[in-house]
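First comes the structure, then the notes that go with it.
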Number of protein chains: 2
Amino acid sequence: MTRPTDAELAILNVLWNRGPCTVRQVTGELNRSRPTGYTTVLKLMQIMTGKKLVKRDEQSRAHVYRALHPREQMQRRLVKDLVRRAFGGSTMELLQQAISGGTASANDLMTMRRWISEQEKKS
Amino acid sequence: MTRPTDAELAILNVLWNRGPCTVRQVTGELNRSRPTGYTTVLKLMQIMTGKKLVKRDEQSRAHVYRALHPREQMQRRLVKDLVRRAFGGSTMELLQQAISGGTASANDLMTMRRWISEQEKKS
DNA sequence: CACAATATACGAAAGCATTCGTAATTATCA
DNA sequence: TGATAATTACGAATGCTTTCGTATATTGTG
């Protein structure tokens, strides 16, 4: 399966944040940051239905769309894809950059320690 | 500045790995994984020159191209971009997924601990 | 009922990414 | 020197993304 495009991902974010939405609701939300015409959003969501990125409920007159995959799953897919394309497939290289890159605060580093501990417990 | 496309990133990877290359060298390397015709690669690299992704040295008959930005800088840019588009701008959310996702081995987790310690020493 | 508002469907245009063919140029060497 | 090989330049086709206009259908309201 292929990555969602930028516009598609923006729409998925709305659906993940707000739950199932009509085209009008998504348009309203998108327009807070990215001005987009109503029929543009409609068309995109129709395409996304075809791609099985969203599912639509046609019960009410204004169809209600929901994201077909959970946000975390898509995030994992996108990270994996980026790791493959830009980090030679090594997730550890990405992590090293994030940790050693200097952008993490002392607090962030502590939080990461905790995550690591929790992860170690799991095995 | 805009993200490099998939094909462009594949070419950049070759240049980062092998250092400055001619079109023929890049084509040869690309063809280990992604069959691409010679003139296709040439055209892409010409476009990348226009986009200032690579710089070309026209001294020799076969022009020599090099990546204009270091790999780490581009990686940081791509991660930042993904974080913005798919993680609501929170790098920590991406990290949590990468750490808690369950793909890291016990060894990996130890290595991360070491990176964190080293990073903490720096402050 | 008739009209305005709102919805979906769909075609099409514009722009970009990717691909390749062909022409023109330059070097090699028999 | 003259044929061959290798290189660059460039146009163009194809397909995808994003955008919007318009036609058509449906709902609600005076």
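Quick note on labels: first sequence line is chain A, next is B, and so on, each numbered from 1. If you're wondering where the values come from, they're calculated on a predicted model, not measured in any experiment.
Taking atom CG of residue B:Leu42 and atom P of nucleotide C:dG21, one finds them 14 Å apart after rounding to whole Å. Whole-Å rounding puts the B:Leu30 CG to C:dT18 P distance at 12 Å. Rounded to a whole Å, the CD atom of B:Glu58 is 12 Å from the C1' atom of D:dA9. Atom CD in B:Gln59 sits roughly 15 Å away from atom P in C:dT26 (whole-Å rounding). For B:Arg24 and C:dT26, the CZ to C1' distance is 15 Å, given to the nearest whole Å. A straight line from CE of A:Met48 to C1' of C:dT8 spans 17 Å, rounded to a whole angstrom. Rounding to whole angstrom units, CG of residue B:Asp57 and P of D:dT8 are separated by 12 Å. Atom CE of A:Met45 and atom P of C:dC10 are 17 Å apart (whole Å).
Proximity of B:Phe87 to B:Gln97: side-chain heavy atoms (C-beta onward) are separated by under 4.5 Å at one or more points. The side-chain heavy atoms of A:His63 and A:Thr22, taken from C-beta on, include no pair separated by under 4.5 Å.
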Nucleotide N/O to protein N/O under 3.5 Å, stretch nucleotides 17-20 of chain D:
unit_1	atom_1	unit_2	atom_2	d
D:dT17	OP2	A:Lys51	NZ	3.4
D:dT18	OP1	A:Ala7	N	3.3
D:dT18	OP2	A:Thr5	OG1	2.4
D:dC20	OP2	A:Gly37	N	3.3
D:dC20	OP2	A:Thr40	OG1	3.0

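A donor-acceptor contact under 3.5 Å links the side chain of A:Arg61 to the base of C:dT6.
The environment of NZ in A:Lys51 is crowded: more than 12 heavy-atom neighbours from other residues, nucleotides or ligands sit within 6.0 Å.
Between B:Gln46 and D:dT8 there is no side-chain N or O to OP1 or OP2 distance below 4.0 Å.
Side-chain atoms of A:Ser117 and B:Arg113 form a donor-acceptor pair, as typed in the model, at a separation below 3.5 Å. There is a side-chain donor-acceptor pair under 3.5 Å between B:Arg71 and B:Asn17.
Placement of A:Leu109 and B:Leu95 within a single hydrophobic cluster is found when ILVMFWY residues are connected by side-chain heavy-atom separations under 4.5 Å, directly or transitively.
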